[in-house]
Amino acid sequence: MSKEVAVDSYGVQGGYEGESTGLWHRFVKRIELDTYEKGLASNVDLDPVPPEKRTWNWWHFISYWISDNFTPSGWRKASSLMSLGMSWKIALVNVCVAECLIAAVITVNGYLGAKYHISFTVLSRAAFGYYFSLLMIAMRMIVGTFWYGISAYSGAECVRSMLYAIWPSFRNVSNGLPASAHIDTQLMTSYFLYFLFCLPLHYVPIHKIRFLFTVKAITVPIIGFGIMGWTIAQTDGEIWKTGNLVHGSELGWVFMSGIYSNMAGWATLAVNAPDFTRYAISPKHSYTMAIALPATATLIAFFGVVGAAGSKIMWGEQKWDPLVFIDMWTSKGGRAAAFFCAAGFFLAQALANISANSISAANDLNCLFPRFINIRRGQYIVAVIGAWAFVPWDILTSATSFLAFMNGYGIWLAPICGIMISDFFIIRKRKLDTWALYDKHGIYRYNKYGTNWRAAVAWCCGWVPLLPGFLPNVNSSIHVVSGMQKLYKLGYFYGFSAAFVSYLAVSWIWPPHENLLERAVYSDDEQVIMARDEEDMIESSGAESLEKKASH
């Protein structure tokens, strides 16, 4: 008698009927998510956020941006511009302008998530197509994982400052690592402690972690005002006398370069804004981002300006890193203040790394592998790869070309925002079919390749002209005409605008009629929910009949 091959409901071939399934099959079933829905290739973290998990109000978005901006990297923004020759006033204006512009992009793109309560990974299918969107998602996942490691390194510096404050003898710990490691024993110890502390934070769901942002929103500004007040008192107001070291057209291009650099720093978060705005109680609550982002970023940059200018007067050297600044406080009282400040920056850096990098990259993994990876699992994968496999201390000290490449990554991400905003607000007039976005054979597939060719053309229009100006930053031996280098300094402006306009033009000439809707379909629509429940009942009854037939 011939044996029949047993196949499970997911199409995974097990052993023969009546025999135990193979080891690989059992392993796959073991790690499979309980909430995975094969028909939609989705799970609970990829599904639209249900009403009970929409918990973010206007204050949570404000505290979120205080959390993201009040970090050592936010402190360094304006002070690092001063090292390029800007006065403190011009540097501060530069940060304010850049943050206002990127805040507009983030708020507008975030509206998509707040309106439909779905993540960037799903929303991107409307503009790019079901399969072409995977390329955009993979690109963002790579950059998010990379910056997780770099931010972890900054977090380790916060831990080291805390250890310096508690045990001054830690400064004298001998280095047992070789020079080729590009990290010493002190920082490696601090890095490991930082990593251990962050592991429990990855376990907290994003709709619940908001309380930590509130804690940070209260503590870290106090630290900033404290450092600023102490510095002004120590320098008797001399810090306000620094002027520009560059002038004329050179100052203009340095200014534009600073604008691009500051905007590109938010390029990843501008793309994945829907990942956290989807938890908004109402879209109007997310509008506060337009004010909260530039206001908090400019304030922390002002603290950095005071610190950098004051350190030049006090110690003869400009210290644009706040951790290096507070490490100079070596008296007993100074060490107590240094510990409090370092602890605040540590919390700030850890939370910013989770919100800006960990969760975004985990969302991408969740979309790429919905059967096995949810946001929680994704965060731990990102933590291990970003913090250890990418070896961030090696990159920061020796891989200058790779670091320059990642700093310029915004030329690929800016066009994504331009296309999504153009598609949603102008071409579709804000009308999407939520559940069709989950259907790989549905209206947002576009063609057999799952690609919206209009988006592919617009995306290339956004980044290809910037590539010549980008290459010399990665390899100094490459020379291009000055005009291309100057165009690159306008990178985010050009990339976003060119993609926005070209997508609009192509879509007006060749509209995507197959998925332009008369009315929007939301996940909360009662008729849609009833239809889905009915579908599930039909599928369930069909499966039961098959089982009965098989038993006979």
Side-chain angles (χ1 to χ4, degrees), residues 66-77 79-80 146-171 173 182-202 209 212-213 215-228 230-231 265 296-297 299-301 303-304 307-308 311 319-330 334-358 383 386-388 390-393 395-397:
I66 295 175
S67 174
D68 259 22
N69 280 310
F70 277 72
T71 61
S73 56
W75 181 287
R76 297 169 189 142
K77 282 183 179 179
S79 52
S80 61
F146 168 83
W147 284 117
Y148 180 92
I150 300 299
S151 294
Y153 186 91
S154 294
E157 292 177 314
C158 298
V159 175
R160 183 178 61 183
S161 293
M162 291 166 66
L163 295 176
Y164 283 165
I166 300 171
W167 297 290
S169 59
F170 188 69
R171 295 174 184 265
V173 170
H182 299 121
I183 190 171
D184 58 30
T185 301
Q186 293 178 14
L187 195 53
M188 178 56 80
T189 303
S190 304
Y191 192 88
F192 186 70
L193 291 173
Y194 170 87
F195 183 77
L196 287 181
F197 176 83
C198 286
L199 289 180
L201 295 179
H202 295 310
I209 203 172
L212 287 175
F213 295 137
V215 172
K216 179 185 164 184
I218 296 170
T219 57
V220 183
I222 294 173
I223 293 170
F225 280 111
I227 295 176
M228 182 182 70
W230 179 84
T231 305
T296 56
L299 180 58
I300 188 67
F303 295 159
S311 63
K319 299 185 183 302
W320 48 272
D321 188 328
L323 299 171
V324 176
F325 189 99
I326 63 177
D327 285 346
M328 301 294 291
W329 301 344
T330 55
R335 286 191 291 109
F339 175 81
F340 178 74
C341 292
F345 281 126
F346 165 67
L347 178 64
Q349 192 68 35
L351 291 179
N353 203 12
I354 288 172
S355 61
N357 300 314
S358 174
W388 298 103
F390 275 15
V391 197
W393 55 87
I395 292 171
L396 286 168
T397 54

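Counting begins at 1 with the first residue of the sequence.
Looking at Ser355, its side chain does come within 3.5 Å of a backbone N or O of Ala352 through a donor-acceptor pair.
When every heavy atom of Ala350 is checked against every heavy atom of Leu201, the shortest pair comes out as CB-CD1, 4.3 Å. Residues Phe70 and Ala348 approach most closely at O-CB, 2.8 Å, considering heavy atoms. Residues Asn357 and Ser151 approach most closely at ND2-OG, 3.5 Å, considering heavy atoms. The two residues Ala342 and Ser161 have their closest heavy-atom pair at CB-CB, 3.8 Å. In plain terms, the two heavy atoms of Phe390 and Ile395 that are nearest each other are O-CD1, 3.2 Å. Closest heavy-atom contact between Arg335 and Tyr164: CD-O, 4.2 Å.
Ring geometry for Phe345 versus Trp75: interplanar angle over 60°, hence perpendicular rather than tilted (30 to 60°).
Close placement of the Tyr148 and His202 rings is indicated, their centers lying within 6.0 Å of each other. In summary, the aromatic rings of Trp388 and Tyr191 are positioned with their centroids under 6.0 Å apart.
Interatomic distance, CG of Leu196 versus OH of Tyr194, reported as 12.0 Å (0.5 Å rounding). For the atom pair Leu299 CG and Met228 CE, the distance stands at 7.5 Å (nearest 0.5 Å). Atom SG of Cys341 sits about 4.5 Å away from atom CH2 of Trp329, to the nearest 0.5 Å. Within the model, atoms CG of Leu323 and CZ of Arg76 stand 6.5 Å from one another, a figure rounded to the nearest 0.5 Å.
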